[in-house]
Asks: 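Have a look at this one before I ask anything.
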Amino acid sequence: MIDKFVKDLNELVKQIFSIEIDLKDYRMVSFTEHGDVSTNISFELAKKLKKNPYEIAEGLSKNLFKEYGYNSYVTKPGFINIFFPDKVFVEECKKIVKTFYGKKDFNKKKVNIEFISANPTGPLVLVNLRAGIAGMMLAKVMEYSGFYVEKENYINDAGNQIYNLGASVLYHISSEKPEKFPENGYKGWYIKEIAKMFEKTFGNLNYTQKNIKKASEFAKEYILNWQKKSLKNFSIDFNNWVFESDIKEKYLDETLKILTDKNLTYLQDKALYLKTTTMGDDKDRVIIKSNGEHTYFLPDIAYHYFKIKRGFDKLIDILGPDHHGYIPRLTASIKMLKKDDVDFDVIIAQLVTILKNGQKYEMSKRTGEFITLDELSEEIDPDVLKFTILSRKLSQPFNFDIEKAKEESMENPVYYVQYSYARLSSLFDKFNLNKNELNFSFEKFENKDLRNIAKKLFEFPYIVYNVASSYEIQKIPNYLVELSSLIHQFYYNYRIIDDDRDETIKRITILYAAREIIKNGLSLMGITLKERMFKNEV
RNA sequence: GCGCCUGUAGCUCAAUUGGAUAGAGCAACGGAUUUCUAAUCCGUAGGUUACAGGUUCGAUUCCUGUCAGGCGCACCA
């Protein structure tokens with residue numbers, strides 16, 4: 001409906017003013033409480049034609065009715081507010097109930113979305129959860145918008161930190177060991193636990209290079225399994241786990257050859273540099289050190305080469321804020337390697353600070369002071385965590401108070417949304433609803449509030465597309481709260497099931513569609529649907 | 001010193017990407033249920049959008065400067 005209106009409006013402007021306006025360049029049509037949709041196109045035209053926007057708007061409004069039959073009126077500086085006929089909304093509700101509403105057909109584009117990618121040197125923490133939950137939702141949103149999506153987790157299992165991990169583990173059980181704990185070693189409580197288990201299987205081993213390697217392997221496996229288990233509590237999963245060790249073995253040489261063949265590298269002070277400045281970086285980067293070892297950067301380039309090689313049209317990396325300085329060189333390397341058009345988007349998920357009763361809770365992986373995902377999922381309803389995290393713009397750092405989350409949990413917005421779903425569910429049960437009875441052909445709403453609910457449903461696909469292109473995940477939870485609010489108000493203010501069966505069916509029809517939208521929205525967020533909820537049962 | 005992110009109600013955050021009266025939750029206060037779930041609804045109070053300029057029909061949003069906080073600036077990963 002909106003698409004058609006935009007087309008008609010564009011046609012009309014062309015006809016009257018002989019001007020073509022690229023509708024995608026700016027927001028021209030938006031949802032509004034002043035009408036069904038509104039347009040600010042007269043301001044844009046006023047600029048170009050040097051005429052009064054209000055007069056332009058009035059002319060357009062008249063012609064919108066004359067040429068296309070749209071009802072509209074003009075307000076103050078020059079907005080045009082348009083009303084659609086009631087039956088349009090009823091027809092949309094039919095689509096909501098009978099089809100995957102707004103789900104786009106497969107557009108033949110492949111997206112790779114990489115997130116979490118935590119080092120296997122310790123348990124996962126809240127920042128990882130933020131990336132994980134956002135990544136899951138974005139993947140679903142992209143799918144809804146017509147993309148083929150693969151979720152990927154990259155494991156740095158080949159660097160020095162793995163050596164340090166092994167050394168830290170072995171240190172605890174070796175009888176012959178150096179006096180000092182390994183420099184850059186890991187001190188978490190879990191290191192000792194892993195050490196105990198390692199000792200159970202392999203016995204008391206000496207502190208040798210060979211045994212450190214053995215301990216590294218053991219600890220890495222253990223921690224990866226632990227991470228997988230933690231993620232399962234939040235239903236976070238991946239299509240692929242990619243290991244740095246694999247990448248090094250299979251794609252490192254190939255990547256290096258391509259870069260040198262393209263003459264994008266040079267030797268200086270015995271180190272090999274990549275000319276990232278040719279692609280916008282502020283300095284060239286070393287990829288092979290003067291001692292012959294490569295830097296972390298090279299396998300990372302190879303990993304992204306591996307993504308390109310698999311034919312993805314769009315690569316999305318969700319990274320932590322400490323990696324923002326890394327973006328220009330990564331972007332540069334991708335430009336060097338890509339064949340055709342490959343989009344590369346980096347989303348920085350900002351820090352989450354944990355508070356306990358208003359006090360900042362300092363965390364550090366090296367010292368072992370932190371709260372794990374497991375503790376969080378034990379203490380706080382995962383649905384609450386998901387909703388809270390997804391309600392925040394990813395680019396915004398935020399504070400999360402654990403004690404408050406527990407205290408306020410009954411008043412949490414997630415329950416507000418879930419409750420609207422549950423209320424409607426039990427209502428339909430009571431009515432003994434038969435889906436075939438729903439009425440999608442009535443012409444007019446007798447009740448303005450019911451119409452408002454129908455109108456709100458209409459926005460859902462546009463919200464989802466918006467999220468798919470802007471990655472602003474918070475728009476979906478915010479929308480669901482707004483919709484739920486309309487539902488709760490309606491529920492309170494009106495008797496839904498009454499003696500007038502025809503009117504009852506009309507109400508039920510719209511509310512049934514509304515419940516479908518809540519279902520779709522919560523599913524995108526990975527949040528549980530509840531058919532029934534009672535406060536005193538919790 | 002340079003770069004990125006941020007600064008909105010007492011607290012935690014939104015604001016349709018430059019739109020119309022800056023909105024929610026929590027906390028505070030007052031009200032609503034003989035009715036399909038009160039995990040709900042209605043009302044009151046709370047704001048110079050860090051500060052100062054600029055751009056224009058219109059700025060929380062864009063530009064410049066200042067202040068404050070976080071994070072980066074390796075032949076570490």
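Each chain gets a letter, A, B and so on, in the order its sequence line appears, and its residues count up from 1.
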Asks: Report which part of the nucleic acid A/Thr388 touches: base, sugar-phosphate, or nothing (heavy-atom distance under 4.0 Å, all strands).
Replies: nothing
Asks: Looking across every strand, which nucleic acid part, if any, lies under 4.0 Å from A/Ser420 by heavy atom: base, sugar-phosphate, or nothing?
Replies: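 Contact class for A/Ser420: none.
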Asks: Whom does B/C26 pair with, Watson-Crick or G-U wobble, provided both distances fall under 3.5 Å?
Replies: B/G10
Asks: Please find out if less than 6.0 Å separates the ring center of A/Tyr415 from that of A/Tyr419.
Replies: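 That pair fails the under 6.0 Å test.
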Asks: Nearest whole Å is fine: how far is B/G58 P from A/Glu44 CD?
Replies: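 Roughly 15 Å, once rounded to whole Å.
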Asks: Please answer whether the main-chain N or O of A/Gly78 pairs with a side-chain N or O of A/Glu55 as donor and acceptor at a distance below 3.5 Å.
Replies: no
Asks: May A/Phe431 be described as stacking on the base of B/C36, applying a 5.5 Å centroid limit and a 30° limit on plane angle?
Replies: no
Asks: Considering only atom C1', compute the distance from B/G7 to B/U44 and round it to an integer number of Å.
Replies: 29 Å
Asks: How far, in whole Å, is B/C57 from B/G43 if one measures between their P atoms?
Replies: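 The answer is 37 Å between these two P atoms.
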Asks: Can you name the nearest heavy-atom pair linking A/Ser391 to A/Gln474, along with the distance?
Replies: O-CB, 3.2 Å
Asks: Between atom CG in A/Asn52 and atom P in B/G58, what is the gap in whole Å?
Replies: 13 Å
Asks: When the ring centroid of A/Phe43 is compared with that of A/Phe79, is the distance short of 6.0 Å?
Replies: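 Yes, the ring centres sit under 6.0 Å apart.
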Asks: Looking just at side-chain N and O atoms, do A/Tyr303 and A/Glu152 make a donor-acceptor pair shorter than 3.5 Å?
Replies: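 The criterion, which ignores hydrogens and geometry beyond distance, is satisfied for A/Glu152 and A/Tyr303.
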Asks: Check A/Leu522, A/Leu480, A/Val384, A/Ile133 against A/Ile527 for a side chain to side chain contact (heavy atoms under 4.5 Å, CB included) and give me the one that passes.
Replies: A/Leu522
Asks: On RNA chain B, compare the nucleotides closest to A/Glu411 and A/His324; which residue's is nearer the 5' end?
Replies: A/His324
Asks: Does the side chain of A/Lys76 get closer than 4.0 angstrom to OP1 or OP2 of B/U21 through an N or O atom?
Replies: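 The answer is yes; a side-chain N or O of A/Lys76 sits under 4.0 Å from OP1 or OP2.
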Asks: Starting at CZ of A/Arg392 and ending at P of B/G7, how long is that distance when rounded to a whole Å?
Replies: 14 Å
Asks: What class does the angle between the rings of A/Phe83 and A/Tyr73 fall in, given that below 30° is parallel, 30 to 60° is tilted and above 60° is perpendicular?
Replies: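 Rings of A/Phe83 and A/Tyr73: parallel, under 30°.
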Asks: May I ask you to decide whether A/Lys404 forms a salt bridge with A/Glu407, counting only side-chain N to carboxylate O separations under 4.0 Å?
Replies: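 A/Glu407 and A/Lys404: not salt-bridged.
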Asks: For A/Lys475 and B/A15, is the shortest distance between a side-chain N/O and OP1 or OP2 below 4.0 Å?
Replies: yes
Asks: With C1' as the reference atom in both, quote the distance from B/G70 to B/G58 in angstrom, rounded to an integer.
Replies: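 These two C1' atoms come out 33 Å apart once rounded.
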Asks: Using only heavy-atom distances, decide whether a donor-acceptor pair under 3.5 angstrom links the side-chain of A/Tyr492 to the base of B/A38.
Replies: no
Asks: Going by centres under 5.5 angstrom and planes under 30 degrees, do the aromatic ring of A/Phe79 and the base ring of B/A20 stack?
Replies: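 Yes, the aromatic ring of A/Phe79 stacks with the base.
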Asks: Please find out if less than 6.0 Å separates the ring center of A/Tyr462 from that of A/Phe31.
Replies: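 Distance test on ring centres: under 6.0 Å, yes.
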Asks: Categorize A/Tyr416 for me: base, sugar-phosphate, or nothing, with a 4.0 angstrom heavy-atom threshold over every strand shown.
Replies: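 The residue A/Tyr416 makes sugar-phosphate contact but no base contact.
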Asks: What is the distance, rounded to the nearest whole Å, between atom CG of A/Leu394 and atom C1' of B/A14?
Replies: 14 Å
Asks: Write down the partner of B/U37 under the Watson-Crick or G-U wobble criteria, each distance required to be under 3.5 Å.
Replies: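 None - no nucleotide pairs with B/U37, as no candidate has both distances under 3.5 Å.
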Asks: Going by centres under 5.5 angstrom and planes under 30 degrees, do the aromatic ring of A/Phe43 and the base ring of B/C57 stack?
Replies: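 Stacked: centres under 5.5 Å apart, planes under 30°.
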Asks: If you pin A/Tyr419 and A/Asn399 to their nearest nucleotides in RNA chain B, which one's is more 5'?
Replies: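 Result of the comparison: A/Asn399.
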Asks: Taking A/Arg329 first and then A/Asp300, would you say they form a salt bridge - that is, a charged N and a carboxylate O separated by under 4.0 Å?
Replies: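 No salt bridge links A/Arg329 with A/Asp300.
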Asks: Now, which nucleotide makes the Watson-Crick or G-U wobble pair with B/U60, with each of the two distances under 3.5 Å?
Replies: none
Asks: Give A/Ala422 one of three labels, base, sugar-phosphate or nothing, depending on what nucleic acid heavy atoms sit under 4.0 Å from its own.
Replies: base
Asks: If the P atom of B/U61 is compared with that of B/C51, how far apart are they to the nearest Å?
Replies: 11 Å
Asks: Please give the nucleotide sitting opposite B/A45 as a Watson-Crick or G-U wobble pair, both distances under 3.5 Å, or none.
Replies: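 Paired with no nucleotide.
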Asks: What interatomic distance, in whole Å, is found between P of B/U60 and the corresponding atom of B/G53?
Replies: 14 Å
Asks: Donor-acceptor pair, A/Ser409 side chain versus A/Lys406 backbone, under 3.5 Å?
Replies: yes
Asks: For a quick test of reading the model: is some side-chain N or O of A/Gln396 closer than 4.0 Å to OP1 or OP2 of B/G7?
Replies: yes
Asks: How long is the line joining CG of A/Asp281 and P of B/C4, in whole Å?
Replies: 14 Å
Asks: Look at the side chain of A/Asn81 and the base of B/A20, then say whether one donor and one acceptor between them are separated by less than 3.5 Å.
Replies: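 Present.
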Asks: Check the distance between B/C5's P and A/Tyr471's OH and give it to me in whole angstrom.
Replies: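 Computing the A/Tyr471:OH to B/C5:P distance gives 17 Å.
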Asks: Looking at B/C5, I'd like to know if its phosphate oxygens (OP1 or OP2) sit under 4.0 Å from a side-chain N or O belonging to A/Ser395.
Replies: no
Asks: Taking the six-membered ring of A/Tyr465, is the NZ or CZ of A/Lys104 close enough (under 6.0 Å from the centre) and on axis enough (within 45°)?
Replies: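 Verdict for A/Tyr465: a cation-pi partner in A/Lys104.
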Asks: Please classify the nucleic acid contact of A/Pro321 as base, sugar-phosphate, or nothing, using heavy-atom distances under 4.0 Å.
Replies: sugar-phosphate
Asks: How far, in whole Å, is B/C29 from B/U35 if one measures between their P atoms?
Replies: 27 Å
Asks: What's the gap between B/A9 and B/U33 when it is taken at their C1' atoms, as a whole Å value?
Replies: 31 Å
Asks: I need the CD1-C1' distance between A/Ile2 and B/U16, as an integer number of Å.
Replies: 11 Å
Asks: Quote, to the nearest angstrom, the C1' distance that separates B/G31 from B/A38.
Replies: 13 Å
Asks: Nearest whole Å is fine: how far is B/A14 C1' from A/Phe398 CZ?
Replies: 14 Å
Asks: OP1 or OP2 of B/C36 versus the side-chain N and O atoms of A/Arg507: is any pair under 4.0 Å?
Replies: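 Looking at the OP1 and OP2 atoms of B/C36, neither is under 4.0 Å from any side-chain N or O of A/Arg507.
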Asks: Is A/Tyr491 close enough to B/C41 that one of its side-chain N or O atoms is under 4.0 Å from OP1 or OP2 there?
Replies: no
Asks: Give every pair of a protein N or O atom and an N or O atom of nucleotides 73-77 of chain B that lie under 3.5 Å apart, one pair per line with the distance.
Replies:
unit_1 : atom_1 : unit_2   : atom_2 : d
B/C75  : O2     : A/Ser290 : N      : 2.7
B/C75  : O2     : A/Ser290 : OG     : 2.8
B/C75  : N3     : A/Ser290 : OG     : 3.2
B/C75  : N4     : A/Asp269 : O      : 3.2
B/C76  : OP2    : A/Lys289 : NZ     : 2.5
B/A77  : OP1    : A/Lys289 : NZ     : 3.4
B/A77  : OP2    : A/Tyr296 : N      : 3.1
B/A77  : O3'    : A/Gln161 : OE1    : 3.0
B/A77  : O2'    : A/Gln161 : OE1    : 3.1
B/A77  : O2'    : A/Gln161 : NE2    : 3.3

Asks: Which parts of residues 481-490 of chain A get close to RNA chain B, meaning a heavy atom less than 4.0 angstrom away?
Replies: A/His488, A/Gln489
Asks: Among the nucleotides B/A39, B/C36, B/A15, which one has an atom lying closest to any side-chain atom of A/Tyr415?
Replies: B/A39
Asks: May I ask which nucleotide in the shown strands pairs with B/C2, Watson-Crick or G-U wobble, both distances under 3.5 Å?
Replies: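 Pair assignment: B/C2 / B/G72.
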Asks: Under a 3.5 Å cut-off for both contacts, is B/A20 paired Watson-Crick or G-U wobble with anything, and if yes, with which nucleotide?
Replies: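 Partner of B/A20: none.
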Asks: Please determine if A/Arg285 forms a cation-pi arrangement with A/Tyr273, meaning its NZ or CZ atom is less than 6.0 Å from the six-membered ring centre and no more than 45° off the ring axis.
Replies: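 No.
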Asks: Aromatic rings A/Phe84 and A/Phe89: how do their planes relate, parallel, tilted or perpendicular, breaks at 30° and 60°?
Replies: tilted
